[in-house]
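Below is one structure, written out as structure tokens; the observations come after it.
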Amino acid sequence: MTARRLQILGVCLALILQIAQSFNLYASPAQKSYWLISYRHGFVRRGLAGEIIRAIPVSSTSWLLHAAALTVALAPAALLGVLVVRLLRRGDSRSLAMALLLAASPFTFESLLHYKRPDQLGLVCLLLVGFVITSARFSARSYWTIGLLGAILAIIVLIHEGAALIYGAFIVPLIVCIPSRIPLSKRWAAAAAFFAAPTISLLAVLLWGRISPSVLAEILHDPQLTGVLPDAADVRRSVIPFLADSIGDGFSRVVQLGPVVLTCMACFGLALVAVQVWALRLAGVLTVPARRSWPKPAAWLWAWLVPAGGVVATFLTGIDWIRWFAEVGCSLLVLWTFALLSRPAPSEAAVSRLAIIAFWVVSIYLVALRPLGPLGFEYDVAAWFSWLIGL
């Protein structure tokens with residue numbers, strides 16, 4: 001068996017292991033609660049999800065809620081699988097190493113299949129835009145396609161605004177920094193065409209999507225809701241109680257976690273990011289000569305300000321830091337993959353045997369991780385350390 005076939009087999013085994021330990025046909029109460037928010041009591045953020053469920057004529061919505069949660073997990077995972085296949089078909093050492101890291105990383109398939117959150121649909125847009133700009137037919141005339149994908153993200157924002165804050169925000173550097181054969185001004189025009197509609201949706205959600213405590217109480221006592229989700233008022237089993245939160249309320253919840261729990265989550269997430277950056281370096285992927293086609297430093301900085309702002313806003317107002325690290329890590333891996341695919345494959349291997357062995361050791365460690373850790377507000381520090389030791 002050749003080394004190339006052995007690497008492809010390793011990628012397949014990593015995918016099988018990731019799917020086996022994370023895949024579940026059924027949604028948890030919290031995952032189902034996203035699809036029970038609707039516009040029955042007025043405009044509210046994430047209300048489009050419930051409207052989609054209500055528009056489907058069925059006698060019982062229970063199986064429909066499970067299907068919706070499974071769909072938002074499988075859709076981005078399937079497109080991510082297409083990206084892995086593209087890397088395998090390319091076949092050079094860097095592409096095979098990148099495919100292995102995508103398959104083994106707890107930020108990708110494992111996280112997507114485990115969380116089943118509607119904001120994961122933002123990754124669908126990120127991947128589709130990447131496929132468009134790295135295709136051989138991409139040109140300045142592709143604005144219509146980019147704009148259409150932006151309109152799709154605008155609809156997804158009404159299902160979950162988080163889709164635009166991390167996954168969606170990383171589309172700006174994807175468009176501005178990667179397609180080198182397009183003039184920089186036209187890249188910015190494409191980015192503006194993409195984000196016009198999502199910006200309007202996001203502003204509408206931020207300005208008018210919060211409901212009053214009295215309306216929230218009415219929703220939580222609605223027989224149609226409690227009949228499907230009896231624990232709708234429990235913040236550990238439902239996201240519905242958070243609908244009345246302002247930005248200040250979200251920040252207060254983060255502060256209430258305390259410095260020790262926040263430090264534990266931050267260190268764990270940053271350590272995983274660092275391990276994967278080290279793996280990229282071992283595999284020679286970080287040495288891809290991309291700087292010649294990247295824009296000037298000022299333009300590059302402006303392009304990255306958008307995802308940086310989205311990431312900071314998310315971490316300051318949301319308590320699920322481990323999940324945010326998973327989304328940021330996945331977005332960075334996807335961006336670097338498209339940067340790799342946008343350039344010709346090298347004619348010969350640029351990775352030493354020792355580096356390949358070290359990379360495989362790192363990948364085995366990553367694939368052995370259980371689904372990314374517990375939420376900070378559910379566990380005390382002792383539980384956090386026992387979870388880390390039990391990896």
Side-chain angles (χ1 to χ4, degrees), residues 21-22 28 30-31 101 104-108 110-112 114-115 117 119-120 122-123 160-162 165-167 169-170 234-239 241-242 245-282 286 304-336 361-391:
Q21 69 175 339
S22 305
S28 67
Q31 291 164 350
L101 186 55
S105 172
F107 291 159
T108 54
E110 183 180 17
S111 175
L112 293 171
H114 176 65
Y115 286 125
R117 282 170 50 104
D119 58 340
Q120 293 174 183
L123 180 58
H160 196 301
E161 71 282 358
L165 293 177
I166 295 184
Y167 288 130
F170 276 93
D234 186 349
V235 295
R236 297 170 182 261
R237 299 173 63 84
S238 171
V239 299
F242 297 108
D245 281 6
S246 64
I247 295 176
D249 294 329
F251 180 74
S252 298
R253 290 181 184 273
V254 173
V255 173
Q256 288 172 5
L257 291 178
V260 176
V261 172
L262 291 176
T263 301
C264 287
M265 290 194 290
C267 290
F268 178 71
L270 290 173
L272 273 184
V273 172
V275 166
Q276 294 187 85
V277 170
W278 180 53
L280 288 172
R281 187 173 183 84
L282 287 176
L286 288 183
W304 281 95
L305 278 179
V306 176
V311 169
V312 170
T314 303
F315 273 79
L316 289 180
T317 58
I319 57 178
D320 305 341
W321 279 21
I322 295 299
R323 187 156 65 228
W324 311 151
F325 275 116
E327 295 188 1
V328 172
C330 182
S331 300
L332 290 173
L333 288 176
V334 167
L335 254 68
W336 202 262
V361 171
V362 171
S363 299
I364 291 171
Y365 160 73
L366 293 174
V367 84
L369 287 175
R370 291 155 50 190
L372 286 179
L375 305 182
F377 73 93
E378 292 182 350
Y379 290 80
D380 56 21
V381 177
W384 250 97
F385 281 110
S386 65
W387 181 85
L388 289 174
I389 294 172
L391 290 178

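Nothing here was measured: the structure is a model prediction, and the numbers come from that model. The figures that follow rest on heavy atoms only: side chains count, while hydrogens, waters and symmetry mates do not. All residue numbers refer to positions in the sequence shown, counting from 1.
Side chain of Glu110 to main chain of Ser105: no donor-acceptor pair is present (N/O by atom type, distance under 3.5 Å, no hydrogens or angles). Proximity of a side-chain donor or acceptor of Trp324 to a complementary backbone N or O of Val311 within less than 3.5 Å is not detected.
Of all heavy-atom pairs between Val254 and Gly318, the closest is CG2-O, 3.4 Å. When all heavy atoms of Tyr167 and Gln120 are compared, the closest pair comes out as CE1-CA, 4.0 Å.
The number of heavy atoms from other shown groups lying within 6.0 Å of CG (Leu316) is above 12.
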Between side-chain atoms of residues 257-269 and protein atoms elsewhere (two or more places apart, or another chain), which donor-acceptor pairs fall under 3.5 Å?
residue : atom : partner : partner atom : Å
Thr263  : OG1  : Pro259  : O            : 2.5

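With sequence neighbours excluded, no residue forms a salt bridge (Lys or Arg N to Asp or Glu O under 4.0 Å) with Asp234. The side chain to side chain contact (heavy atoms under 4.5 Å, CB included) test applied to Val306 returns Ala169, Val172, not counting sequence neighbours.
Annotation: the span from Thr317 atom OG1 to Leu165 atom CG amounts to 7.5 Å, rounded to 0.5 Å. Once rounded to the nearest 0.5 Å, the distance linking CZ of Arg323 with CZ of Phe107 reads 14.0 Å. Note that OG of Ser28 and OH of Tyr115 are 11.5 Å apart. Values are rounded to the nearest 0.5 Å. In this structure, the separation between CD1 on Ile166 and CZ on Phe325 is 10.0 Å, given to the nearest 0.5 Å. The distance from atom OG1 of Thr314 to atom CD of Glu327, rounded to the nearest 0.5 Å, is 7.5 Å. With rounding to the nearest 0.5 Å, the separation of CZ in Phe315 from CZ in Phe251 is 14.5 Å.
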Next item on the list: List the steps and the verdict of side chain to side chain contact (heavy atoms under 4.5 Å, CB included) for Val334 and Leu123.
Entry: CA-CA 9 Å; Val334 167; Leu123 180 58; 4.2 Å; yes

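A heavy-atom distance below 4.5 Å is found between the side chains of Leu333 and Thr108. Side-chain contact between Leu332 and Gln276 is absent, with no heavy atoms from C-beta onward closer than 4.5 Å. Residues Val239 and His160 fail the side-chain proximity criterion, which asks for heavy atoms closer than 4.5 Å.
Residues Ser252 and Asp249 bring no donor and acceptor atom of their side chains to less than 3.5 Å of each other.
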